[in-house]
**Q** 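Below is the structure I would like to discuss, written out as structure tokens.
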Amino acid sequence: MSTINFASREITCKIVYYGPGLSGKTTNLLFIHKKIPAKYRSDMVSLATDGDRTLFFDFLPLVTHAVKGFTTRFQLYTVPGQVFYNATRKLVLRGVDGIVFVADSAWNRMNDNHESFINMKENLADYGLTLEDVPYVLQFNKRDLPNAAPVEYMNNLLNREKRKVPYFEAIAIRGIGVFETLNAISKMVLIKLITDLSAKKET
Amino acid sequence: MPRHRFITPEEQKQIDALLRELLKNSDAKTAILLDQGGFLMSVQGFTEHIDPNTIAVLAAGSFATTRELAKLIGEEEFTVMFHQGRRDNIHISAIGKDALLVVIFENTTTIGMVRLFARETAKKLAPLLDTINKRKSKAPMGNIPLQE
């Protein structure tokens, strides 16, 4: 749920990076953290295990001026990908405004990608949300793998909802496709916010 | 839950004033109001060297975790959480179903005082938050233009 504060002229939106374990969600955030000047971001918080697996979430706040007269804060979160962390994964989705689904391009991870996508839909449903309501994009990560599945195949597997969404090829560890993905989802979230406002104004 | 939450300047003023009153009465250091999704609504008091946004996010995460723990033992939720440090302490309490009040205080005051005044503040904040949460997704102060 975005929060619009007319006193401090601030809009805050929550973007969640979702996807199976080890697909590169945290890597996306780490790259963004590294590249964005310190004045536009705060420190990144990682609740991870010793083995660098996300235990609860990673959190990276960004500040932009995308909306005239308002400071726009994007709060980027990742979820733990491992199947058995579903309780915490669901908690992170609370109040979500936009989702980046990070899929692993390795052939042998296609089942995991698909299962994680279904799991995301189920967890959204628990908050009364569907993929019709929430803006989201797909990121096909690890395109440099020798056994990467074709993009068309992955798109066919994961972009099956009524509303087709943009997808991005990425090699997050080298930063390729990371900002393209972030720009697309942040734009979609703001457009959705503004459309919601104008739709209500007409009635 | 609405898709977007709007806080008007008047509501913000009231929230800020209630948090300041809480700090004055309880002698605590910092008070933060947030929703259970981790969105910051107000921060008052001492904020040097702390990042209220990150505190809000972690407090919400911590509270969500304890709520799940509560469910596992058959409780609906734990409405209060307290973290004790050597010098600074954190008191987190739920306000209704959607908001949390975080109070950071030093050992110069007591947990009892903080708890008492946090409860009073929560009572005063509840109807205000209810109005904000029930507001339909409509900008109360005109349209919001995207930056060119």
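Order of the sequence lines fixes the chain letters, A, B, ..., with proteins taken first and strands second; residue numbering starts at 1 for each chain. Every value quoted in this text rests on a predicted model; they were computed, and no experiment measured them. Values below: every heavy atom of this structure, side chains too, minus hydrogens, waters and symmetry copies.
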**Q** Which atoms of A:Glu10 come close to chain B, meaning under 4.5 Å heavy atom to heavy atom: side chain ones, backbone ones, both, or neither?
**A**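 Interface part for A:Glu10: neither.
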**Q** Please report the interatomic distance NE2(B:His4) to CD1(A:Ile4), rounded to the nearest 0.5 Å.
**A**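 CD1 of A:Ile4 is found 6.0 Å from NE2 of B:His4.
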**Q** Going by heavy atoms in the side chains, are B:Leu40 and A:Thr12 under 4.5 Å from each other?
**A**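 A side-chain contact is absent here, since even the closest heavy-atom pair is not under 4.5 Å.
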**Q** Which bit of A:Leu93 is near chain B, if near means a heavy-atom gap under 4.5 Å: side chain, backbone, both or neither?
**A**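 It is neither, since no heavy atom gets under 4.5 Å.
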**Q** Can you find a pair of side-chain heavy atoms, one from B:Asp98 and one from A:Arg94, that are under 4.5 Å apart?
**A**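 Result yes, sub-4.5 Å side-chain heavy-atom pair found.
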**Q** Is B:Glu10 close to chain A through its backbone or its side chain, or both, or neither, when contacts mean heavy atoms under 4.5 Å?
**A**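 Neither part.
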**Q** Decide if atom NZ of B:Lys123 counts as having more than 12 heavy atoms of other residues, nucleotides or ligands within a radius under 6.0 Å.
**A**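 Check fails, neighbour count at 12 or below.
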**Q** Using a 6.0 Å cut-off, check whether atom CZ of B:Phe46 has over 12 heavy atoms from anything other than its own residue.
**A**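 Yes - once you tally the heavy atoms of other residues, nucleotides and ligands closer than 6.0 Å, there are more than 12.
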**Q** Could you grab the distance from atom CZ of A:Phe6 to atom CD of B:Glu11, nearest 0.5 Å is fine?
**A**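 That separation rounds to 10.5 Å.
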**Q** State, with a plain yes or no, whether a side-chain heavy atom of A:Gln75 is found less than 4.5 Å away from one of B:Asn53.
**A**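 Yes, at least one pair of side-chain atoms sits under 4.5 Å.
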**Q** Does A:Ile173 CD1 have over 12 foreign heavy atoms under 6.0 Å away?
**A**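 Not more than 12 within 6.0 Å, no.
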**Q** Side-chain contact test, heavy atoms from C-beta onward, threshold under 4.5 Å: evaluate it for A:Val45 versus B:Leu58 and give yes or no.
**A**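 When only atoms from C-beta onward are counted, B:Leu58 and A:Val45 do touch, with a gap below 4.5 Å.
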**Q** Compare all side-chain heavy atoms of B:Arg67 with those of A:Leu91 and state whether any distance is below 4.5 angstrom.
**A**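 Yes, side chains in contact.
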**Q** So for A:Val96, is it side chain, backbone, both, or neither that comes closer than 4.5 Å to the heavy atoms of chain B?
**A**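 Just the backbone, heavy atoms under 4.5 Å.
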**Q** Say you draw a straight line from CG of A:Asn5 to CZ of B:Phe6; how long is it, rounded to the nearest 0.5 Å?
**A**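 Here the rounded value is 11.5 Å.
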**Q** Quick check: closest heavy atoms across B:Pro9 and A:Ala7, and the distance to 0.1 Å?
**A**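 Heavy-atom minimum between the residues: CA-CB, 3.6 Å.
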